[in-house]
Each structure stands twice: as C-alpha cells, then as structure tokens.
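For reference, the structure is listed below as structure tokens.
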There are 2 protein chains.
Amino acid sequence: MSPVKHSIREKGDIRARILATAWQMVKEEGWPSLSIRRIAEAVDYSVPVIYDHFENKEAIVLEFARQGFQLLSKNIQKAMEKATEPAEQIRAIADAYWKFASKHKEYYQLMFSMGMPGCELEKCFPERADFRVMVMKPITALIEKGEHPNDNPFLKYFTFWSTLHGLISIRSLNGVVSEEVNKMVMDDAVNGFIKNLG
Amino acid sequence: MSPVKHSIREKGDIRARILATAWQMVKEEGWPSLSIRRIAEAVDYSVPVIYDHFENKEAIVLEFARQGFQLLSKNIQKAMEKATEPAEQIRAIADAYWKFASKHKEYYQLMFSMGMPGCELEKCFPERADFRVMVMKPITALIEKGEHPNDNPFLKYFTFWSTLHGLISIRSLNGVVSEEVNKMVMDDAVNGFIKNLG
DNA sequence: TACTTTTGCCTAACAGCGTTAGGTAAAGTA
DNA sequence: TACTTTACCTAACGCTGTTAGGCAAAAGTA
C-alpha cells in the first residue's frame with residue numbers, strides 16, 4: 001500500500017484524536033471491542049503511531065479512568081453545594097453518584113468494575129482521595145451531632161460507598177428490575193444509613 | 001509430530017479432566033490466563049478435542065459459574081440452619097456470604113463481577129433464585145414482627161444483597177484496608193440493616 | 001473375511017489481538 | 001551539500017478463540 005497523503009488529516013493533536021476516537025468506540029460498542037488496531041484504522045494511521053503517543057493500551061484506558069474520576073469529583077462537589085444540612089448533603093451525594101453511574105456507564109465500569117491492575121490505591125488516582133475527603137465531611141458532621149460521636153468516620157464512609165456501589169453493580173446484574181425500584185432501594189438504604197449515623 | 005500414544009492417558013472422562021485442569025489454572029493464575037490452548041496442552045490433547053466436549057470457552061466458564069452458585073446456596077443454607085432467630089439468621093447469612101467471597105474469590109469474581117454476557121437473569125442460573133428465596137425468608141419474618149410491616153421484602157432483600165456485594169467489591173478496590181476493618185464495616189452495615197427492619 | 005461407517009484425534013489454518021523491530025522518505029539543520 | 005531528526009510505514013512475533021479437513025484405527029455390517 002502506498003503511504004497515505006496526510007494533507008487530508010487534521011493536523012490537530014493526534015493524541016487527542018486517538019482519545020476521542022477510542023472514546024467513541026467505547027460508547028458505541030463497549031470496552032471489550034476497543035482495540036489498538038481499530039483505533040489506528042479509525043484515525044487513519046498505522047498501528048505503531050498509536051505507540052508514539054501512548055506507552056500501551058492500558059495507558060489509554062488509564063487516561064479515561066482519570067477523566068472519570070475527575071468528572072465524578074466535580075459532580076459530587078456540585079451536588080454537595082446545593083445543600084447545607086449534612087444529612088441533605090449525603091442524600092445529594094448519593095443522588096449524584098447514582099446519576100453519574102447511570103449517565104456514564106462506561107466511566108463507572110472502568111473505574112470500579114474492570115479491575116484496573118496495579119491501580120487499586122489512591123496513589124494511582126489522586127482524585128479518589130478527593131472523593132473520599134468530600135464524602136467524609138458531612139458524615140463526620142453528622143456523627144459529631146449524633147448519638148454515637150465515637151463512631152469511626154472512615155468506617156462509615158466505607159459503608160456508605162459500599163452501599164452505593166453495591167446497589168449500582170447489582171442493578172446491572174438484575175436486568176429485570178425497573179429503574180424506579182432500584183432508585184427506591186437506594187433511597188431506602190441511604191435513609192437507613194443516615195438514621196444510623198444520627 | 002507423531003500421534004500421541006494415549007495409553008498413558010487416564011481413560012477417565014476427558015470432560016472432567018478438562019474442567020479440573022481449567023479450574024487449577026484459574027486458581028493458580030486467575031481468570032485472564034485461562035485459555036483453550038493451555039487447557040489442551042495440560043490435558044495432553046489437541047485443541048479441537050476441547051471443542052468436542054464444550055461448545056466454546058464460555059461454556060466452560062459457565063459450568064464453573066453454576067458450580068459457584070450451587071456452593072454459595074449450600075453454604076447459605078447451612079449458615080441459616082445454625083440460627084433460629086430471623087435477625088441471627090440474617091447475620092449468619094451475611095457471614096457465610098462474606099466467607100464465601102473470601103474463600104472462593106475465583107467463583108465470586110466469575111459470578112458477580114465478570115459480567116457474564118446474556119446471563120444476568122435467574123433463568124440462566126436457577127440457583128440464584130434459591131439464594132433469593134432463602135435470604136428473603138428471615139427478612140420477611142423480621143418485617144412482619146417489626147414496626148414497618150408494610151415494607152417490601154423484595155426491596156429489602158435487594159438492599160441487603162447490594163450492601164454485601166458492595167462491601168466485598170469495594171474491599172478488592174482498597175487493597176490497603178485490613179481484613180479486620182472490612183469485617184467491622186460489614187458487621188456495622190448488617191446491624192444497621194437489621195435495626196432498620198425491626 | 002471384506003467393506004463401510006463411525007470414532008478419535010490430528011495438523012493447519014483464519015481472523016483477531018497487543019506489541020515491536022527495522023526501514024523509507026521527507027524535513028530541518030550545519 | 002551532508003547529516004540528523006521526524007514522521008510514518010510494513011511486516012513480523014507470539015498470543016488468543018474457533019474451525020475446516022484429513023488420517024488411521026476401531027466398530028459395525030454384508
């Protein structure tokens with residue numbers, strides 16, 4: 001094959017085009033069908049060019065994970081600002097988390113259910129620490145005002161997050177159950193959590 | 001290469017040997033490194049022989065999923081029989097579920113976090129319905145005796161399961177946190193759940 | 001016994017994957 | 001002009017799941 005004339009190509013950052021193309025593929029066909037070769041074809045370059053911009057496939061995926069954590073943090077922050085009462089803030093956080101998982105399934109899947117190897121800790125994604133700090137704030141406030149001021153906020157944060165994550169991932173295992181029921185279950189669980197804090 | 005003399009081979013069911021070998025590989029090296037070719041090599045047959053016994057790779061994996069659901073159901077049942085009080089039964093179930101996930105990580109991963117395509121529903125794994133029925137029994141009992149007899153038992157079952165699953169999967173995302181802390185979080189969440197029922 | 005069919009098992013391939021070695025040709029620089 | 005850097009390519013390696021087609025021995029049948 002003759003070398004492709006690249007005058008047609010947008011000179012814009014190839015790296016950005018790789019990411020954009022990859023993301024489109026993921027949204028249209030899911031993570032499993034994302035492949036370096038198909039990205040290369042889509043951006044109209046040969047395969048090794050991809051490796052000029054990313055060390056390997058994992059690096060591309062990691063980039064998206066970072067984006068996901070940033071977006072989640074931003075959404076949580078926005079949600080928190082809408083409320084002042086700690087209990088209301090917790091409800092707002094749960095709601096925002098739920099919406100994020102629904103609206104950005106690809107991100108959520110990648111961030112929490114794809115088992116990114118070697119990236120379990122907050123060191124790999126600093127944004128995860130941001131999330132933790134934000135969520136722990138109203139929890140701590142509620143504990144201090146409540147009847148069990150000696151409760152461990154970190155433990156409670158952990159419980160809270162687990163509950164949310166559990167509901168979201170079980171939801172995808174139970175295709176039948178309607179979205180409404182799922183939301184009811186979550187509200188129920190969150191209310192229970194808040195009640196236990198106060 | 002000359003055809004292998006099969007007198008050495010155990011004449012025992014090849015199908016069983018395939019499964020045993022595959023399971024050993026999974027336990028030693030994890031799901032990702034399970035491959036038809038490596039199974040074939042290990043059982044000392046050529047690749048197509050595997051396809052004489054299983055339609056494809058997914059069929060092998062599905063077999064393990066079935067085994068997992070059966071084992072979980074058995075464990076839950078045993079745990080329930082140890083207690084008579086509904087609240088105690090719920091605690092026992094949570095404990096058994098937790099232990100199952102810890103002891104049989106490969107099963108748990110496969111059953112709930114690997115996204116078996118096309119097998120979300122109970123139709124695919126009848127054992128999942130057994131699990132639901134068993135867990136709902138003490139939950140229903142507790143609701144009837146409690147202050148909110150109109151609560152929906154299915155909803156509560158859903159909440160309960162989600163909480164457990166959340167804790168378990170978040171645990172694997174937070175490599176740092178010790179097993180003890182994890183267990184504390186779970187006991188805390190389960191106690192909160194029970195309190196909300198009564 | 002002689003012939004046919006079935007069984008058991010194989011090699012070799014197809015199409016896809018992530019990744020890399022090595023080469024060409026144009027562009028920039030001394 | 002000569003040299004280096006840049007941009008990009010082809011072709012391969014080794015891995016994956018899956019399948020087509022063939023050979024040889026065993027089993028069934030006339």
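Reckoned from all heavy atoms, side chains included, excluding hydrogens, waters and symmetry mates. Bear in mind that the values here come from a model prediction, so they are computed numbers and not experimental data. Proteins get letters first, then strands, A, B, ... in listed order; numbering begins at 1 in each.
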Below 4.0 Å: OP1/OP2 of dC10(C) and any side-chain N or O of Y45(B):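 Result: no.
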dC17(C) OP1/OP2 closer than 4.0 Å to side-chain N/O of S35(A):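 Yes, such a contact exists.
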Carboxylate-amine/guanidinium proximity below 4.0 Å for D130(A) and K74(A):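 Salt bridge flag = no for K74(A) with D130(A).
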Test: D187(B) and K183(B) ion pair at under 4.0 Å: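 Yes.
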Atom-pair distance ([atom1] on [X]; [atom2] on [N]), nearest Å:
X      : N       : atom1 : atom2 : value
K57(A) : dT19(C) : NZ    : P     : 8 Å
Y51(B) : dT16(D) : OH    : P     : 11 Å
I60(A) : dC17(C) : CD1   : C1'   : 14 Å
I14(A) : dA7(D)  : CD1   : P     : 8 Å
I36(A) : dC17(C) : CD1   : C1'   : 10 Å
I50(B) : dT11(C) : CD1   : P     : 14 Å
E41(B) : dG17(D) : CD    : P     : 13 Å
L62(A) : dG18(C) : CG    : P     : 16 Å

Side chain R37(A) and base dG16(C) donor-acceptor under 3.5 Å: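 Absent.
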Which nucleotide in dT19(D), dC9(D), dT19(C) has an atom nearest any side-chain atom of P48(A):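 From the listed options, dC9(D) comes nearest.
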Proximity to the side chain of S46(A) - top-ranked nucleotide from dT19(D), dC9(D), dC10(C):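 Selected nucleotide (nearest to the side chain): dC9(D).
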Residue whose closest nucleotide on DNA chain C lies nearer the 5' end, E55(A) versus R38(A):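 Here R38(A) is the residue nearer the 5' end.
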Criterion ring-ring contact (aromatic ring centres under 6.0 Å, His included) against F69(A), the qualifying member of F112(A), F64(A), F131(A):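 So, applying the ring-ring contact (aromatic ring centres under 6.0 Å, His included) to F69(A) and each of F112(A), F64(A), F131(A), only F112(A) qualifies.
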Side chain to side chain contact (heavy atoms under 4.5 Å, CB included) assessment of H53(B) paired with I14(B): CA-CA 8 Å; H53(B) 298 273; I14(B) 301 175; 3.8 Å; yes
Closest-nucleotide 5' rank along DNA chain D - winner of D52(A) and L34(B):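 Final value for this comparison: D52(A).
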W31(A) with Y108(A), same ILVMFWY side-chain cluster at under 4.5 Å: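 Yes: a chain of side-chain contacts under 4.5 Å links W31(A) to Y108(A).
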